[in-house]
Amino acid sequence: MSKAVGIEIAGVNLSYGATHVLKDVDLAVRPGEFFAFLGPSGCGKTTLLRLIAGFAQAQTGQVLLDGRDVAPLPPWKRDVGMVFQSYALWPHMTVAKNVAFGLEERRLPRAEIDRRVAQALDLVGLADLAGRRPAQLSGGQQQRVAVARTIAIEPKVLLLDEPLSNLDAKMRVGVRRELRALQQRLGLTTIFVTHDQEEANTICDRIAVMDAGTIRQVGTPMELYEKPANLFVASFLGSANILGDGHGISVPAGKRLVFRPQHASLSPVDGAALRGPVTHREFLGAAVRYSVRVGDNEILVEAPFQSGGELRAVGDRVGVALPPERMLYLPA
Amino acid sequence: MALAGTRSIGQAALALAIALFLSVFLVMPVATVIYVAFTEKGGGALTLVNFQDFARTDLFVRSFWNSIYVSAMTVVWASALALPLAYLTTRFEFRGAMLVQTLGFLPLVMPPFVGAVAMQLLFGRNGSVNLLLDEWFDFKIGFMEGLNGVIFLQAIHYFPFILVNLSAALRNIDRSMEEAAQNLGSHGLRLFRRIALPLALPGYIAGASLVFVKVFDDVATPLLLNVKEMLAPQAYLRITSIGIDDPMGYVISVVLIGVAVATMWASALVLKGKDYATTQRGGGGLARRKLKPRESFLAYAVVILILALVLAPHVGLLLLSFATVWSFSPLPDGYTLAHYARVLGDSSIYIKNTLLYSSLAAGIDVAIGGAIAYLVLRTKLPGRQWLDWAASTALAVPGVVLGIGYLRAFYGVKMPDGTPLAALWIVIVLAIAIRRLPYALRAAYAALQQISVSLEEAAENLGATKARTVRRIVIPLMTGGLLAGFVTSFATAAVELSAVLMLVQSNSDAPLAYGLYVLMQTPAGRGAGAALGVIAVVIVAICMGLAQLAADRSQRARGLDI
């Protein structure tokens, strides 16, 4: 495998008619990194992926692969392997034919093609299904054929467009581990598009959180969780309490106080800065989640559940305690 | 960006070539017809005087109203045949449903003019049915008297267009629509009338307007039934008896186009905002219940009666093709193979011509239809939609009008040896190809729309250029659909007559449909004409079977997931 390459995106703006899909996007993906575009549907993450593959054209900005501007290259000259959300396996070809396609387009000698098809199918564990048609495979197998077809051409980077969305929940966990292991083995720069934060958190080195065509923050899963740069990231990754000024804790103008429910705890009313009645109580198994009304806000507090531990009832007046190091002040 | 440039240059060249073809062989001839209708005879000045002449000539006005009457009554009778069948097959578990389904193909297998003479012999004043009625009950029914004959023949030929569209629409209704109505207290025929029929109305209108236009434009069926006072036959008679310089043929042509356009426009207007295609499909279609024994008997009686009517022209044609003499008797006097010997002997040129013309025309249609579908659905070429619109306007141009347009536009164009372009057989092929293009285009659209764009993007992503992607992915996946389109075009081209009637200059260039028409004119030729008809039906039926097979195959090869 050739050395891994980096991807740089600079000043990209893209519109379809009046719809501004990508707004001033800047991003650098490091060589060999497993990177995720994470965001709600319609945030532009798939468009950004298609831009890298050459299926979308930006009005401004550059996409650099290994430092080279790829704008003049049509999709078939980019060497950017993409696994489609629908897998896009050709129904008129066998598994082996599907995998051989890209190699045939590169006019490789037959023996070389056969060797690399076998190698790619081996890698995904489907060597004995080479003669099947896509329609005869399960969803998970189809997904692996799509991956094999893409890595067979030894692309510079690997793009995965919601590759797990067509699998059932049980298979997803297994398949995402496989994908991670495969990526590690190949050392391939990989971008993974998803709307599922758990998927992104569990397998990616770094994540770009996107919203309404902009990148809101880039960082490792832990950085994003612990140090969200803005309210969107804070509330998109896990749940977050967001408070303005005037609830007992002073918040600077133009900022909001942000904290996670599991970092807060219930305390006696006396001396508590934040206080109010319990309005809901939900048992989650490992924890008990309380809603406490503070002013016109509902604040969530998750207390670890211990057998025999003291529980609060709906209607009890309680205080909410917060360790200062867990308090974040983010721009409103 | 250089690459993107060369890509769209190739596409633009293709689009221009198609645009040129359509302008020369569709737009120009039709424009010529319209232009001539609005210019003074001999002079060049634009005028409405020809239309005033048309309106002042009793024969034309009478023909116009006759045509409207016949078309409207055909729709009424065709609906009367189609509605019970549609109701039966969509609401009940009915084993006869398959039988009814196959009825849908019959009008494609045999256009009405082919069976016209045979139907005279079966249902005419002195035909089999009336002879028997007279003998047993002492009365006769005027099935085939004058305009009634045309209505009768057209209705039993064209009702399947309404049936197919209507039952498809009924089947597409989401079951929850019906369940909601039942939940609110509606059931049975009332539910059918208040929920199912209104939802299926678009299908009915589509079928009915198609029937109206087809009947209005038909030249050969009335003529073979000896009905001359209808508009389309008048256009043909005027041009062939008075000449291509007489403006009346052109005026009639413009009226024919006008009626076709007005009908389609009216149906589009009625259907506006009524596209009820239900996207989330719960259960497939309306719930069906089993028929009680007595209902079942009734249902079969209805189906068998209609089936007998539909098959009558086929049976009559077959009898006629084997008959020695068949006149004033319920069945022929004797049977012979002489007509087939004659047809396969000295008239085999008709069959040869038909096979040649139809395959050329169908080939042209599939190539152009596929190219237009690709340009429209898969490229961003400016103006690509115009190709689709231009090709589809052929639907509103009656065959006889296209024929007249070709004569007028290409007669002045001489080949190096002095023969006019319009006299060459290739012109017949082109006329047929233009007539069938809209259907091949729809088939190509359907085939291409079934291919997810990501299948092509995946190929490009793996290094295939646009052209290579078309060759390795698009065409193989479209093959089934295109093949079905080819065979259907071929089959319907084989029995195309109205344009051909105008364009055949010599017997040696004539296709089968023309030969049949000529032979059927004289009592002595009828047997041979019928034999040709039977051969045509067999050719077309085989093709239809092949088309079905091709479609099934590709469906299966495609697998379950696409």
Side-chain angles (χ1 to χ4, degrees), chain A residues 46 49-50 52-57 69 71-94 97-108 132-139 142 145-146 148-155 157-159 161 166, chain B residues 1-11 370 377-382 446-484 550-562:
Chain A
T46 293
L49 197 75
R50 291 169 61 82
I52 297 169
F55 295 120
Q57 266 74 43
D69 186 0
L73 295 178
W76 49 91
K77 294 256 166 93
R78 288 202 179 184
D79 262 338
V80 162
M82 176 153 167
V83 174
F84 289 77
Q85 184 173 9
S86 62
Y87 312 144
L89 298 178
W90 300 301
H92 62 305
M93 297 180 187
T94 60
K97 271 283 176 199
N98 265 283
V99 178
F101 184 93
L103 304 169
E104 286 163 0
E105 287 302 321
R106 284 166 175 69
R107 304 287 195 279
L108 298 182
R132 296 268 190 98
R133 293 274 176 128
Q136 298 169 299
L137 303 180
S138 71
Q142 290 184 3
V145 174
R149 181 173 75 177
T150 306
I151 58 176
I153 63 167
E154 295 178 2
V157 299
L158 182 61
L159 308 180
D161 186 6
N166 282 331
Chain B
M1 283 292 111
L3 269 153
T6 50
R7 250 181 292 154
S8 38
I9 285 172
Q11 291 166 357
L377 293 178
R378 292 295 198 261
T379 72
K380 303 230 180 306
L381 209 62
L448 190 54
Q449 267 160 350
Q450 284 185 357
I451 304 173
S452 152
V453 183
S454 65
L455 292 178
E456 289 156 60
E457 286 177 349
E460 288 176 24
N461 178 253
L462 294 174
T465 61
K466 290 257 183 230
R468 294 276 301 165
T469 304
V470 168
R471 205 173 72 65
R472 295 196 61 188
I473 308 295
V474 180
I475 291 181
L477 285 174
M478 279 177 81
T479 303
L482 287 182
L483 200 63
D552 287 352
R553 274 269 177 81
S554 74
Q555 210 69 41
R556 228 170 311 136
R558 196 176 288 284
L560 313 162
D561 57 329
I562 306 284

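Each chain gets a letter, A, B and so on, in the order its sequence line appears, and its residues count up from 1. All of these numbers come straight from a predicted model, not from anything done at the bench. Excluded from the calculations below are hydrogen atoms, water molecules and symmetry mates; all remaining heavy atoms, backbone and side chain alike, are included.
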Enquirer: Taking salt bridge (Lys or Arg N to Asp or Glu O under 4.0 Å) as the test, write out the residues that go with A:Glu105, two or more places apart.
Expert: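 Salt bridge (Lys or Arg N to Asp or Glu O under 4.0 Å) list for A:Glu105, sorted by chain: B:Arg468, B:Arg472.
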Enquirer: Can you tell which part of A:Arg78 gets under 4.5 Å to a heavy atom of chain B, answering side chain, backbone, both or neither?
Expert: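 Nothing of A:Arg78, per the 4.5 Å heavy-atom cut-off to chain B.
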Enquirer: Is the shortest distance from a Lys or Arg side-chain nitrogen in A:Glu104 or A:Lys97 to a carboxylate oxygen in the other one below 4.0 Å?
Expert: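 Here A:Glu104 pairs with A:Lys97 in a salt bridge, since their nearest N and O are under 4.0 Å apart.
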Enquirer: Pick from A:Gln85, A:Gln136, A:Met93, A:Arg50: which one has the most heavy-atom pairs with chain B under 4.5 Å?
Expert: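 Ranked by contacts with chain B, first place is A:Arg50.
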Enquirer: Tell me, for A:Arg149 versus chain B, whether the close heavy atoms (under 4.5 Å) come from the side chain, the backbone, both or neither.
Expert: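 Its backbone and side chain both get close to chain B.
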Enquirer: Sequence neighbours excluded, which residues qualify as ring-ring contact (aromatic ring centres under 6.0 Å, His included) partners of A:Phe101?
Expert: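 Expected list: A:Trp90.
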Enquirer: Do the side chains of A:Pro134 and A:Val145 get nearer than 4.5 Å, heavy atoms only?
Expert: no
